[in-house]
Trainee: 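First the structure, which I've put down as structure tokens, then a few questions once you've had a look.
Owing to the predicted nature of the structure, the values given are computational and were not obtained by experimental measurement. Both counts, for ligands and for their atoms, begin at 1 and track the order of listing.
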Amino acid sequence: MTTPPPVIQAVPKQLHIAGTWQNAAAPRTMPVDNPATGTTLCEVADAGPEDGRAALNAAQAAQKAWAATAPRTRSEILRRAHEIILDRTEDLALLMTLEMGKPLAEARGEVTYAAEFFRWFAEEAVRIDGGYATSPDGRNRHLVLRQPVGPCLLITPWNFPLAMGTRKIGPAVAAGCTMILKPAPQTPLSSLALTGILTEAGLPPGVLNTVTTSDAGGLVEPLLRGGGIRKLSFTGSTQVGRILLAQCADTVVRTSLELGGNAPFIVFDDADIGAAVDGAMVAKMRNMGEACTAANRIYVHSSVAGEFASRLTARMSALTVGDGTAPGTDVGPLIDAAGRAKVDALVRDAVDRGAKILTGGELPAGDGNFYPPTVLTEVPRDAALTGTEIFGPVAALFTFDDEEDVVQAANDTEWGLVSYVFTRDLDRALRVGERLETGMVGLNTGLVSNPAAPFGGVKQSGLGREGGRVGIEEFLEYKYLAVPTGS
Ligand code: ADP
């Protein structure tokens with residue numbers, strides 16, 4: 001391991017429990033690798049179940065006093081953290097690029113997006129309201145108040161290492177919940193840096209406890225089954241989400257799950273094709289396609305399919321693939337060798353079944369987990385990628401002739417996170433938007449993520465919403481006091 005760059009050196013590498021940075025109880029460490037080079041950037045603490053318990057103890061011990069803090073105090077901590085994040089945009093972006101691979105420009109965009117969750121929830125912290133009403137028979141007063149659910153377990157994925165943290169920490173802080181944060185083992189550094197920033201911003205000891213581990217199951221299962229955790233907020237695969245939901249059943253833990261997607265992207269014959277291509281580039285290529293919102297199946301009306309395919313292919317083949325830290329890189333490496341092998345296998349399968357490659361489709365030689373921007377056309381509807389998240393820079397084009405048929409095809413999946421519709425016909429946009437079985441619909445846009453909007457899915461894409469007005473609700477309980485009126 002060569003000397004790490006200064007941004008890596010500056011990040012704490014230990015667990016953060018009860019306000020102190022500490023080694024794992026069994027003092028193990030785990031490597032953090034750079035997916036562009038395959039080299040190890042540094043080692044961080046590798047927590048075991050005993051560290052998970054210590055983190056829970058700390059979160060429980062801090063809960064009562066934290067819940068009693070003034071909303072304005074919690075709001076201002078988030079506001080300060082928002083400002084510190086923005087002040088450190090360059091360092092945080094570089095850190096993210098080094099551990100995750102996305103190009104620096106995208107990493108900078110994520111830093112802003114991540115910070116926005118803190119600003120939004122700083123604004124929400126002081127707007128937690130209740131109710132005061134007379135019962136219909138006049139005999140009782142109903143007083144309704146909101147209280148934090150209690151200690152939360154926040155589990156985040158590697159694809160948006162900073163924003164998935166702030167999207168969960170923001171509402172938990174605003175609501176007055178204490179937390180254990182368990183980031184993905186591939187990208188712990190952004191979460192460790194974020195933990196340091198929140199401490200600087202004044203978050204009291206024990207409110208946020210960050211544990212990095214290579215054995216997520218070993219640490220998480222006893223926490224969820226053991227009682228003490230009152231809320232799980234998870235972003236990751238549907239497969240792991242199902243396991244966690246079952247574990248939550250033991251002690252009836254409230255859950256928010258943001259799971260996989262299989263987004264349909266539909267281009268009607270009356271669409272503005274330039275806008276649709278722009279939208280597809282965002283919906284497909286944001287984060288190299290490693291996003292649950294990524295356009296997985298692109299359905300184009302047969303009368304405009306040729307034009308759309310050639311314009312998209314021109315854009316995709318003009319992208320520069322390389323190390324995300326290099327100037328001019330548009331597309332960084334995929335997260336790891338397994339992720340790349342999966343993308344390659346899905347492309348091979350589609351081609352074996354008759355799909356045509358318009359650009360890309362070949363594994364490059366050399367180091368790093370690179371995969372070229374790829375456009376596949378004439379993809380048959382039985383290709384494996386129609387039922388699997390590609391999670392890579394591969395645009396799979398299908399054709400359709402009929403609105404009814406494309407809506408049915410779009411809905412023919414267990415997932416329901418997001419869909420995209422391009423048409424100039426307002427009636428059609430609303431009609432199709434209402435019929436698509438997804439929690440979010442982009443109408444003539446390839447980007448739906450926004451801290452002020454309720455993000456989340458239906459079907460097996462998850463439970464609950466993050467962001468928007470409802471984001472904080474997930475971390476609050478209702479309590480109702482019945483008080484006789486005396487009449
Ligand atoms: P991906 O396949 O994209 O890495 P995962 O669902 O495996 O998605 O990972 C998302 C998050 O869930 C990561 O923080 C990971 O460590 C965690 N995770 C994976 N398996 C488990 C498990 N059995 N219990 C708890 N957390 C898990």
Side-chain angles (χ1 to χ4, degrees), residues 15 30-33 35 44-49 51-53 55-56 99-102 152-169 179-192 194-195 209-226 229 231-251 253 255-262 287-294 296 333-343 345-346 369 388-392 415 417 457 460-463 466:
L15 311 177
M30 59 180 190
V32 183
D33 295 338
V44 298
D46 188 0
D51 301 302
R53 269 196 306 280
L56 177 58
E99 68 174 346
M100 187 273 166
K102 68 180 72 185
C152 302
L153 175 59
L154 314 177
I155 302 180
T156 53
W158 49 260
N159 58 346
F160 292 95
L162 200 63
M164 296 303 97
T166 59
R167 187 158 86 176
K168 297 182 190 310
I169 295 168
M179 294 152 272
I180 301 173
L181 171 65
K182 196 219 76 62
Q186 297 92 335
T187 57
L189 300 175
S190 296
S191 296
L192 291 167
L194 182 61
T195 304
N209 303 280
T210 302
V211 286
T212 49
T213 181
S214 62
D215 180 15
L219 185 137
V220 165
E221 184 168 3
L223 290 179
L224 288 178
R225 291 199 195 273
I229 296 288
K231 160 92 195 170
L232 167 72
S233 178
F234 170 78
T235 298
S237 61
T238 297
Q239 186 193 4
V240 172
R242 286 191 199 105
I243 294 170
L244 297 180
L245 191 56
Q247 293 174 2
C248 285
D250 278 10
T251 56
V253 177
T255 50
S256 304
L257 304 176
E258 204 268 275
L259 308 176
N262 181 4
N287 227 37
M288 291 87 74
E290 292 175 319
C292 50
T293 51
N296 214 53
L334 299 183
I335 189 69
D336 53 26
R340 182 169 85 150
K342 175 184 157 189
V343 172
L346 288 171
N369 307 309
T388 311
E389 266 189 304
I390 301 171
F391 245 59
W415 284 297
L417 187 61
Q460 292 189 40
S461 285
L463 297 171
E466 296 190 283

Trainee: Output the distance between atom OG1 (T238) and atom CD (E258), rounded to the nearest 0.5 Å.
Mentor: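 That separation rounds to 9.0 Å.
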Trainee: By number and element, which atoms of ligand 1 are closer than 4.0 Å to a non-hydrogen atom of L244?
Mentor: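 Selected atoms, number and element: 24 (N), 25 (C).
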Trainee: If you measure from atom 23 (N) of ligand 1 to every heavy atom of G339, S237, G217, which option wins on shortest distance?
Mentor: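 Checking each option, the heavy atom nearest atom 23 (N) of ligand 1 is found in G217.
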Trainee: Pairing donors with acceptors under 3.5 angstrom, does anything connect the side chains of N369 and D336?
Mentor: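 Absent: no donor and acceptor within the cut-off.
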Trainee: Show the atoms of ligand 1 that are less than 4.0 angstrom away from any heavy atom in G236.
Mentor: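 Checking each atom against G236, I get 6 (O), 10 (C).
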Trainee: Could you check whether S256 and K231, counting side-chain N and O atoms only, form a donor-acceptor pair closer than 3.5 Å?
Mentor: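 Yes, side-chain donor-acceptor contact under 3.5 Å.
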Trainee: For ligand 1, which atoms have a heavy atom of V220 less than 4.0 angstrom away?
Mentor: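 Close to V220: 25 (C).
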Trainee: Any donor-acceptor pair under 3.5 Å linking the side chain of T195 with the backbone of N209?
Mentor: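 Not a single qualifying donor-acceptor pair exists.
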Trainee: Touching ligand 1 at all, F391? Heavy atoms, strictly under 4.0 Å?
Mentor: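 F391: no contact with ligand 1 (<4.0 Å).
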Trainee: May I ask whether I155 places a heavy atom under 4.0 Å from ligand 1?
Mentor: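 Right, I155 reaches ligand 1.
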Trainee: Would you check if there is a donor-acceptor pair between the side chains of E99 and S190 at a distance under 3.5 Å?
Mentor: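 There is such a pair (donor and acceptor under 3.5 Å, judged by atom type) between the side chains of S190 and E99.
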Trainee: Please write down residue, atom name and distance for the protein heavy atom closest to atom 12 (O) of ligand 1.
Mentor: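 Heavy-atom neighbour on the protein nearest atom 12 (O) of ligand 1: F234 CE1, 3.2 Å.
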Trainee: For atom 8 (O) of ligand 1, is there a protein heavy atom at a distance under 4.0 Å?
Mentor: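 So far as the 4.0 Å threshold goes, atom 8 (O) of ligand 1 is in reach of a protein heavy atom.
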Trainee: Kindly compute the distance separating CG (L223) from CG (L232), expressed to the nearest 0.5 Å.
Mentor: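 It comes to 10.5 Å.
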Trainee: Name the closest protein heavy atom to atom 3 (O) of ligand 1, giving the residue it belongs to and the distance to 0.1 Å.
Mentor: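 Going atom by atom, the protein heavy atom closest to atom 3 (O) of ligand 1 ends up being W158 NE1, 3.3 Å.
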Trainee: Scan side-chain atoms only and decide if K342 and T388 contain a donor-acceptor pair under the 3.5 Å cut-off.
Mentor: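 Judged by distance alone, the side chains do not pair up.
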Trainee: At what distance is the nearest protein heavy atom to atom 18 (N) of ligand 1, and which residue and atom is it?
Mentor: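 Nearest protein contact, heavy atoms only, for atom 18 (N) of ligand 1 is A216 CB, 3.6 Å.
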Trainee: Taking T213 for the side chain and D46 for the main chain, is one N or O donor matched with an acceptor at less than 3.5 Å?
Mentor: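 No, the answer is negative, given that no donor and acceptor are paired below the 3.5 Å cut-off.
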Trainee: What protein heavy atom sits nearest atom 16 (O) of ligand 1, and how far off is it?
Mentor: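 Its nearest protein heavy-atom neighbour is K182 NZ, 3.0 Å.
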Trainee: Are the side chain of K102 and the backbone N or O of N159 linked by a donor-acceptor pair below 3.5 Å?
Mentor: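 Yes, the answer is positive, given that a donor and an acceptor are paired below the 3.5 Å cut-off.
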Trainee: Answer with side chain, backbone, both or neither: which part of T156 has a heavy atom less than 4.0 angstrom from an atom of ligand 1?
Mentor: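 Just the backbone.
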Trainee: Within a distance under 4.0 Å of any heavy atom of P185, pick out the atoms of ligand 1 and give their elements.
Mentor: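 In order of numbering, the contacting atoms are 16 (O).
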Trainee: With atoms numbered from 1 as shown, which atoms in ligand 1 lie under 4.0 angstrom from a non-hydrogen atom of V240?
Mentor: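 In order of numbering, the contacting atoms are 6 (O), 7 (O), 18 (N), 19 (C), 20 (N), 21 (C), 22 (C), 27 (C).
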